[in-house]
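One structure is given below, encoded as structure tokens.
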Amino acid sequence: MSRLGLGKDLLGLEGLSADEIRLILDTAEPFKAVSEREIKKVPTLRGKTIVNLFFEASTRTRTSFEFAEKRLSADTVNITSQGSSVLKGENLVDTARNLEAMRIDMVVMRHPSSGAAKFLANRIRSNVINAGDGQHEHPTQALLDLLTIRDRLGRVEGLKVCICGDILHSRVARSNIWGLLTLGAEVAVCGPLSLMPRGIEELGVRVLRHVEEAIEWADVLNIMRLQLERMRAGYIPSLREYYRVFGVTLERLERAQKELVILHPGPMNRGVEIDSRVADGPHSVILQQVTNGVAVRMAVLYLVAGGSSDLAVQAMGAARDEAE
Amino acid sequence: MTSGVRQSLLNARDLERALADMSQAIVEFAGGTDRLLLVGVQRRGVQLAERIAHIIGSTHNVEVPRGAIDITLYRDDLRAVGPRPLVGETRLPGEVEGRCVVIVDDVLYTGRTIRAALNELGDYGRPDRIGLAVLVDRGGRELPIQADVVGKAVEVPRGDHVDVMIRELDGRDAVDIVVGLGSG
């Protein structure tokens, strides 16, 4: 079994087995119920200290992790370092060593450099959870997307999922591709050629050129946020042009005459990658994603704090055998 | 005795009789069925609570509400157990406020599971009264916790295992003592 995954750390979905991913999704189920209670707190991580170390601006991911941590009774500290966008390796290690000297148990980190989470995980004893590293991975986002798809359609296996928009710069797209393929979904990507990584077909995904084609083909659309600075950098001619060609609009959905499920990791640019009427419409599960985000993060914190996942995966296998 | 040797503690008929006696004792404990709520501890306690509810329901012609509780998130030994056990479902029908809750479990041993169950119930509200009914009390308590209703009391040495099998999960009703198979 891969040591990348739910051993000490969760760094990405690449390399996780289908059983490990399913373990996280199944573990998230009972945690959904905790957030529905009058007293939204269980004592599971009482006495654990968790540092949310954010080198990039983030409101929703950090808030979601913080709720997850507090509902598990962990003590949390937020450290945000904005301004200098890229920190040197030495600085990151120094920061982490200082934190370890204060006897923390876990670090949830967002960092603008791809690979930063792994870099840190290799150098400290604490558990590391990747909350987004550069253009590499954002595993908990993809996990909550998978959970939301499974909630709505009952399965992930065999579904056709198209990821739309800026694939080139998107760690959410990358984590989604790994997770979806591992669970047996068919995956396509759709977006401007300038925002499409070269050779992406080699991962086993199909490339669709037109958003109409994507709507026609897919059961699920996961629409990536268009970073506005991409326009300034010349990747796309204009936001209006982008909406005209790639916007997921109500008219386009209606023309397809089918029940699509629409996801978006947020924050949305209404009228750029997604039509407001779609975002707020019956196909959208965007708020469900936010709710599931807390449950998935509780599950990840719980599993990572326990060390190796081997036994839990075995237990799950046994429970499944028993059910059959 | 050789490790792994099984001794029968209860056969199917004994188990059925024990559940019938427990059902009656639970109604007496709760002073009737009006406020009674049975809460089974995952996993075998849930089935036992279901059976007891059925017995009480048919003798008193009422529908006894029951729930299930999974204490995994309230364990005091999570640090020690290493890999995380799977978390089961906790579901309680309606309010626990004002009710007489009877926790149902298969085996009472150290008392730590019940301690966790009490803490978890407290997070759902404040019942008027909480009782404990167990199929087997095997002794060996590590906390000051006792059962109000016991199907079968027997002193089982540490290191031996009380194996409760029930129809719904194991295909048959029986309780065995297995020598030298660790705690439980």
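In what follows, chains carry the letters A, B, and so on, assigned in the order in which the sequence lines appear, proteins first and then strands, with residues in each chain numbered from 1.
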Looking at [X], I'd like to know if its [atom1] atom is crowded, meaning that more than 12 non-hydrogen atoms belonging to other residues, nucleotides or ligands lie closer than 6.0 Å.
X: A:N98; atom1: CG; result: yes
X: B:H54; atom1: NE2; result: no
X: B:E168; atom1: CD; result: yes
X: B:R126; atom1: CZ; result: no
X: B:F29; atom1: CZ; result: yes

| Under 4.5 Å from a heavy atom of chain B, the part of A:K41 involved | backbone
| message | Non-hydrogen contacts under 4.5 angstrom with chain B: give the residues of residues 29-37 of chain A involved, or none if there are none. | response | A:P30, A:F31, A:V34, A:R37
| task | With chain A as the partner chain, list the residues of residues 141-151 of chain B whose heavy atoms fall under 4.5 Å from it, by residue number, and write 'none' if nothing qualifies. | result | none
| note | Taken to the nearest 0.5 Å, the spacing of A:T44 OG1 from B:Y74 OH works out to 7.5 Å
